[in-house]
Amino acid sequence: MLPLEGVTVVSLEQAVAAPFATRQLADLGARVIKVERPAGDFARGYDTSVQGLSSHFVWLNRNKESIVLDLKSAADRVVMDQLLDRADVFVQNLAPGAAGRLGLGAAELRAKDPRLIVCDLSGYGSSGPYRDKKAYDLLIQCETGLVSITGSPEEPAKTGISTADIAGGMYAYTGVLTALYERERTGRGTAFEVSLFDALGEWMGFPYYYSYSGTEPPRAGARHAAIAPYGPFAAGDGGQVFLGVQNEREWVKFCEQVLDQPGLAGDPRFDANPRRVANVFELKVAIEAVFASMSSEQIEQRLEQVGIANARMRTVSEFAAHPQLAARDRWREVDSPAGPLRTLLPPVTVAGREPRMDPIPEVGEHTQAILAELGGHAEPPCD
């Protein structure tokens, strides 16, 4: 038995953040009923990379049931009310104010059902001058300062994944879990909101506190703004080795046993992390002067023997073929409208528990079954 079996989540969701949150709940056994507009969640059309399906949609929507409702239709609005009557959790990430205009505001819903948990997920929150501003992932990355510290000194960059959406989705997910636990203790549900701006703002803690120095964190590419040596270094065979030295004990070992340059550890330019960061380009030259006589594999072997953190930069395809994933049996198959697809297990591993891996739904695939469960397509009440 999975921990959230018996919990019903109704989610009026689209794009990335809310579907990411509810997929985590579904993975834990919750019944997630995904309410889609007649045209479907627009993330279904982002691309056709997965045998004709959208890569984002495949990633975010396994284990869910899809019902199509037009919430501007009186009859479908009654169906929505019936779904919520049976729900434990309601999640929505419509445009600010849209849920309220549909009669689905948190206060109204909880007045009808005090045990209901309501999660409102938005770009900038329900108040403030940015409340109604469009809030795509890139834009939130810009507004929180993430783009300003990502990329090379010459050019800023967004992260290669939907960092703001993922941050917002994770806080919505943990918020629902917290609210379920609270309801077990008090018997009452709660309403809470998560904004992508606040979520990613929390993740910007290190750069914010760094700015107490009076300077902004520099864009350092794959290097680190506050730790050195850290990042890529050229090897003699034309490859790159990625490594990180976290403390002075490791720095001494690195100089003595990897570089065979014990005197470098006490060099006044490099004898403490802040000085290594201040002289990071001179440090790079000194390290690569030694690495020039070794292959990438030789350097990695030395680093491993000494216990210095290191990694190989892999492509996405190389990650998919990673020996660690194979050795730990991390791959499963999930069904979809395009046939079986390989997918990774959820990150939390519980011994003896096999995670749920139900199909990715076609748009409206479960509409008739859910309507039958509710007793048929309800007609709007008479005046």
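Just so you know, these numbers come straight off a predicted model, no measurement behind them.
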[X] side-chain N/O to [Y] backbone N/O, donor-acceptor pair under 3.5 Å:
{"X": "Lys133", "Y": "Pro129", "value": "no"}
{"X": "Glu155", "Y": "Ser152", "value": "no"}
{"X": "Arg23", "Y": "Trp59", "value": "yes"}

Evaluate whether atom CZ of Arg314 has more than 12 neighbouring non-hydrogen atoms of other residues, nucleotides or ligands under 6.0 angstrom away.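 Atom CZ in Arg314 is packed in, count exceeds 12.
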Around atom CD of Glu282, are there more than 12 heavy atoms from other residues, nucleotides or ligands closer than 6.0 Å?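 It does: Glu282 CD has more than 12 such atoms within range.
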For Phe270, give me all partners under ring-ring contact (aromatic ring centres under 6.0 Å, His included), at least two apart in sequence or on another chain.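 ring-ring contact (aromatic ring centres under 6.0 Å, His included) check on Phe270 returns nothing, list empty.
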Working to the nearest 0.5 angstrom, can you tell me the gap between Trp251 CH2 and Gln246 CD?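 It comes to 14.0 Å.
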Exercise answer: donor-acceptor pairs, residues 203-212 side-chain atoms, under 3.5 Å, sequence neighbours excluded:
unit_1	atom_1	unit_2	atom_2	d
Trp203	NE1	Tyr171	OH	3.2
Ser211	OG	Tyr208	O	2.4

Classify the side-chain pair [X]/[Y] by whether it contains a donor and acceptor separated by less than 3.5 Å.
{"X": "Gln324", "Y": "Arg330", "result": "no"}
{"X": "Gln92", "Y": "Asp120", "result": "yes"}
{"X": "Ser213", "Y": "Thr215", "result": "yes"}
{"X": "Arg183", "Y": "Thr190", "result": "no"}
{"X": "Ser73", "Y": "Asp70", "result": "no"}
{"X": "Thr159", "Y": "Gln141", "result": "yes"}
{"X": "Lys158", "Y": "Thr150", "result": "no"}

Report the residues that fulfil salt bridge (charged side-chain N to carboxylate O under 4.0 Å, His left out) with [X], sequence neighbours left out, ordered by chain and then residue number.
{"X": "Glu288", "value": "Lys284"}
{"X": "Asp132", "value": "none"}
{"X": "Arg356", "value": "Asp358"}

Using the test side-chain hydrogen bond (donor to acceptor under 3.5 Å, both in side chains), find all partners of [X] that sit at least two apart in sequence or belong to another chain.
{"X": "Glu36", "answer": "Arg44, Ser66"}
{"X": "Ser54", "answer": "none"}
{"X": "Glu365", "answer": "none"}

Identify which one of Leu69, Val79, Val68 satisfies the side-chain contact (heavy atoms from CB on, under 4.5 Å) criterion when paired with Thr367.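 Result: among Leu69, Val79, Val68, Val68 is the only option passing the side-chain contact (heavy atoms from CB on, under 4.5 Å) with Thr367.
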Applying ring-ring contact (aromatic ring centres under 6.0 Å, His included) as the test, list every pair that has at least one member in [range]; sequence neighbours left out.
{"range": "residues 334-374", "value": "none"}
{"range": "residues 314-358", "value": "none"}
{"range": "residues 102-135", "value": "Tyr124-Tyr130, Tyr124-Phe197"}
{"range": "residues 85-104", "value": "none"}

Quick check: closest heavy atoms across [X] and [Y], and the distance to 0.1 Å?
{"X": "Leu196", "Y": "Ala17", "answer": "CD2-CB, 3.8 Å"}
{"X": "Asp137", "Y": "Asp165", "answer": "OD1-N, 3.0 Å"}
{"X": "Glu248", "Y": "Asn273", "answer": "OE2-N, 3.3 Å"}
{"X": "Pro229", "Y": "Ile287", "answer": "CB-CD1, 3.7 Å"}
{"X": "Pro19", "Y": "Asn93", "answer": "CD-ND2, 4.4 Å"}

[X] and [Y] ion-paired at < 4.0 Å:
{"X": "Arg332", "Y": "Glu354", "value": "yes"}
{"X": "Asp113", "Y": "Arg86", "value": "no"}
{"X": "Arg115", "Y": "Asp88", "value": "no"}

Could you tell me whether the side chain of Thr343 reaches within less than 4.5 Å of the side chain of Arg62, counting heavy atoms only?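 Yes, at least one pair of side-chain atoms sits under 4.5 Å.
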Taking the six-membered ring for Trp, are His224 and Tyr230 parallel (under 30°), tilted (30 to 60°) or perpendicular (over 60°)?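 Taking Tyr230 first and then His224, their aromatic rings stand perpendicular (interplane angle over 60°).
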